[in-house]
**Student:** 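Submitted below is the structure of interest, expressed as structure tokens.
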Number of protein chains: 2
Amino acid sequence: MPRGTRFTGSVTIVDVAHEARVSHATVSRVLNNDSHVSPETRERVLRATTRLGYSVNQQARSLAGGRSQVIGLVVRDLGTGYIGEIVRGIDDQLSTAQYDMMLYTTHRGGTGKESVYVTSLAQGMTDGLLLVLPQNPESYLQTLRQRRFPFVLIDHNGSGESESAVGATNRQGGYDATKYLIELGHRRIGFITGSMDLGCSRDRLDGYKAALCDHGLSIDQALIRQGDFHQPMGFTCAQALLSLPDRPTAIFASNDVMAFGVMEAVRDQALKIPDDVSIVGFDDIPQSVSVYPQLTTVQQPLAEMGARATQMLLELIENPDQPAQRVELPTELIVRASTRAIK
Amino acid sequence: MPRGTRFTGSVTIVDVAHEARVSHATVSRVLNNDSHVSPETRERVLRATTRLGYSVNQQARSLAGGRSQVIGLVVRDLGTGYIGEIVRGIDDQLSTAQYDMMLYTTHRGGTGKESVYVTSLAQGMTDGLLLVLPQNPESYLQTLRQRRFPFVLIDHNGSGESESAVGATNRQGGYDATKYLIELGHRRIGFITGSMDLGCSRDRLDGYKAALCDHGLSIDQALIRQGDFHQPMGFTCAQALLSLPDRPTAIFASNDVMAFGVMEAVRDQALKIPDDVSIVGFDDIPQSVSVYPQLTTVQQPLAEMGARATQMLLELIENPDQPAQRVELPTELIVRASTRAIK
DNA sequence: ATCTTCCGTGTGAGCGTTTACATGCAATAA
DNA sequence: TTATTGCATGTAAACGCTCACACGGAAGAT
């Protein structure tokens, strides 16, 4: 098997050291902002680096015990705008911190896949991990924890208190949207859950139930369908809901993508949105304004969640001993055209 | 500055060598499928690796002159499903080839950003690059070429013949969609281009013009607006088109996202889709079935394009001296509900 | 029986860094 | 003045791997 040609011939720390007439260790000190370097030497080294167009070899750096300046982003897939928004926030932080990102998708192979990644990538490829909506995380969270490997969960507050996580006020979001529908006069409000192994899904459901209770409405199990955050399931659940003898006048889906499925199902039954059925989503992904009618939804500050999680991860990398932080960013109900007062 | 705790203590090639009672070089040979190893030894080493739970340290491997087993994916952003689909294809190939992926987005900072990445990441972090719809690639393509660094362009056939690229039959796609609209009875067909510095945009426009010519229709410059592949621009261009004295009965946007903008604009003027205006997009991203009405569009086999590009890149990494390949995958017109015959 | 080839394996250098330790020199304390 | 500190810098050993080379022994050729 022929070896590939490498991208070699680049200038190393030794070249810089030679150019600046110092030892390579001194160059390394300058590069790592070590305090024990005289201003003149520092200046001379810096000039040499720019003159020679030096850039550090991350592989060597991390092999030698430094940081890799890479974080890993573990996601299921990139299907919807959901991840895209989060990545925007991550990216912003990363670029100012001079970090790069490895992308690990787990959409193939289903279960167990994430853990494979987590162990294999943690071979020093990355300094830390950002886990977006991990599916069944206990298997590998265990490993990460005991190795004290820095990681932050995004949109998954569930599994304990010992790890850092950033999420949104899911319960409040579920509450607000439901309350809004009630105030619009809706009495039979269908609800489609997310994957119930996720804390955020349970919280949204809780908010829904709480709002019903607080307004003196009873919880009808027939109006609650278990979804999975995917569009086809939104369609299926909505079909079931709409064929109920006393069908709901509003449907609240636990994310926007399922809400799109609901829209399909409603039209499929020749019903009008929002005249016959009001629809509310959750997330406020970019597509929610490009569907018709534009979707009323509970906005999660996705980009900000990504940014905050990244900040937290970077801090954790800097100081792995600090206690876990759990951040909840506020959701906000965005009223658009898919909801209206009941006739 | 305190150094972060590393993810150390992992088992190395030396541990495996010891366990299997061979030298570390022999272990390396087994790991790299070198032929000069006896079956028994190979077997023994393999058993040792699994027994010890060994996994290779990529940093060390690539530092030592091997491959990094990482490719870089350079994209503008992850906003729409467009990239997501491509990544699905890439991912599939990568996982069978045991490769990982670094993600580089260039949406911030505008021009020049890509070239920074390209030089910095090529420090040996990656074995090759996949460039999706690069914006003004000449600056850094130059560098990549002269360093003979493997890369493949996706959805960008334009800038020459010397590099490998995978695209789609854009001209044919533009032609097919336009022809379809003509056959539906439309005579005034608006067209919104993509970014005109991209070959694919020019090809789609060419196809549009060719279809008009072939059917004896004249090309009206007023019906052609220059877009940029983003939704707001689709909206703006459509507004302009719709306020023409003799407004078009159909609008063909150079991608789906702009088509969504067109939909907005059409509704904004209280016109009906497809009754008053037919709309066609390009790409067939997942969202095109979740808008209403579902979008008629020219399908690009995005996942397949990603997969093919990845295969090509992997071959190129294996053998950098092979000639550039240019692949065009077929597009297909997908008729949905946003178009209808003229009244 | 001797020379050559080739195969399986070991030895050791080197990839570009970081970092513990050593060194020398100036400044301060005695 | 001499001992002591502290700072700027150099030396060299890792980090975990690949690969060129060396080497011994078995098989084939003469």
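Below, all heavy atoms of this structure are taken into account, side chains as well, without hydrogens, waters or symmetry copies. Just so it is clear: chains get the letters A, B, ... in the order the sequence lines come, proteins before strands, and each one is counted from 1.
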**Student:** Taking the side chain as every heavy atom from C-beta outward, state whether Val75(B) and Tyr104(B) have any atom pair closer than 4.5 Å.
**Tutor:** no
**Student:** Pick from Arg326(A), Gln325(A), Gln311(A), Met312(A): which one makes a side-chain contact (heavy atoms from CB on, under 4.5 Å) with Val166(A)?
**Tutor:** Met312(A)
**Student:** Can you give me the N/O atom pairs linking the protein to nucleotides 22-28 of chain D at distances under 3.5 Å, or say none if there are none?
**Tutor:**
none

**Student:** Quickly work out the Glu40(B) CD to dC7(C) P distance and round it to whole Å.
**Tutor:** 16 Å
**Student:** Is any side-chain N or O of Ser38(A) closer than 4.0 Å to OP1 or OP2 of dC7(D)?
**Tutor:** no
**Student:** Measuring only between side-chain heavy atoms, which start at C-beta, is Phe149(B) closer than 4.5 Å to Thr126(B)?
**Tutor:** yes
**Student:** Using a strict heavy-atom distance below 4.0 Å, which residues from residues 18-26 of chain A are in contact with DNA chain D?
**Tutor:** Val22(A), Ser23(A), His24(A), Ala25(A), Thr26(A)
**Student:** Mind calculating the distance between CG (Leu31(A)) and P (dT18(C)) to the nearest angstrom?
**Tutor:** 6 Å
**Student:** Write down the distance between CD (Gln59(A)) and P (dC17(D)), rounded to a whole number of angstrom.
**Tutor:** 14 Å
**Student:** Does the side chain of Gln58(B) reach to within under 4.5 Å of the side chain of Ser68(B), using non-hydrogen atoms?
**Tutor:** no
**Student:** Roughly how many Å is it from CD in Gln69(B) to C1' in dT18(D), rounded to a whole number?
**Tutor:** 13 Å
**Student:** Grab the OH-C1' distance between Tyr54(B) and dG16(D) for me, whole Å please.
**Tutor:** 7 Å
**Student:** Do any side-chain nitrogens or oxygens of Arg61(A) fall under 4.0 Å of OP1 or OP2 in dG16(C)?
**Tutor:** no
**Student:** Below 4.0 angstrom, N of the basic side chain to O of the carboxylate: do Glu304(A) and Arg88(A) qualify?
**Tutor:** no
**Student:** Given atom CG of Leu63(B) and atom C1' of dA13(C), what is their separation to the nearest angstrom?
**Tutor:** 14 Å
**Student:** Round to the nearest Å and state the distance from Arg44(B) atom CZ to dG8(C) atom C1'.
**Tutor:** 12 Å
**Student:** Given dC15(D), is OP1 or OP2 found less than 4.0 Å from the side-chain N or O atoms of Asn57(B)?
**Tutor:** no
**Student:** Ignoring backbone atoms, test whether Thr41(A) places a side-chain nitrogen or oxygen under 4.0 Å from the OP1 or OP2 oxygen of dT9(D).
**Tutor:** yes
**Student:** Between Glu328(B) and Arg308(B), does any side-chain N to carboxylate O distance fall below 4.0 Å?
**Tutor:** no
**Student:** Picking from dC7(C), dG16(D), dT18(C), which would you name as closest to the side chain of His36(B)?
**Tutor:** dC7(C)
**Student:** Is any NZ, NE, NH1 or NH2 atom of the basic residue among Glu43(B) and Arg47(B) found under 4.0 Å from an Asp or Glu carboxylate oxygen of the other?
**Tutor:** yes
**Student:** Grab the CE-P distance between Met125(B) and dT17(C) for me, whole Å please.
**Tutor:** 12 Å
**Student:** Taking five pairs at each end, how big is the angle between the two axes of the helix from dA1(C)-dT30(D) to dA30(C)-dT1(D), to 10°?
**Tutor:** 50°
**Student:** Should Leu78(A) and Val87(A) count as side-chain neighbours, where that means a heavy-atom distance under 4.5 Å?
**Tutor:** no
**Student:** dC17(D), OP1 or OP2 - any side-chain N/O from Ser28(B) closer than 4.0 Å?
**Tutor:** no
**Student:** Does any donor atom in the side chain of Gln59(B) or Ser62(A) lie under 3.5 Å from an acceptor atom in the other side chain?
**Tutor:** yes
**Student:** Begin with the C-alpha distance, continue with both residues' side-chain angles, and end with the deciding distance and a verdict on side chain to side chain contact (heavy atoms under 4.5 Å, CB included) for Leu130(A) and Val74(A).
**Tutor:** CA-CA 6 Å; Leu130(A) 247 24; Val74(A) 181; over 6 Å; no
**Student:** How close do Arg42(A) and Asp34(A) get, heavy atom to heavy atom, and via which atoms?
**Tutor:** NH2-O, 2.9 Å
**Student:** Taking side chain as C-beta onward, heavy atoms only, is Gln93(B) less than 4.5 Å from Tyr99(B)?
**Tutor:** no
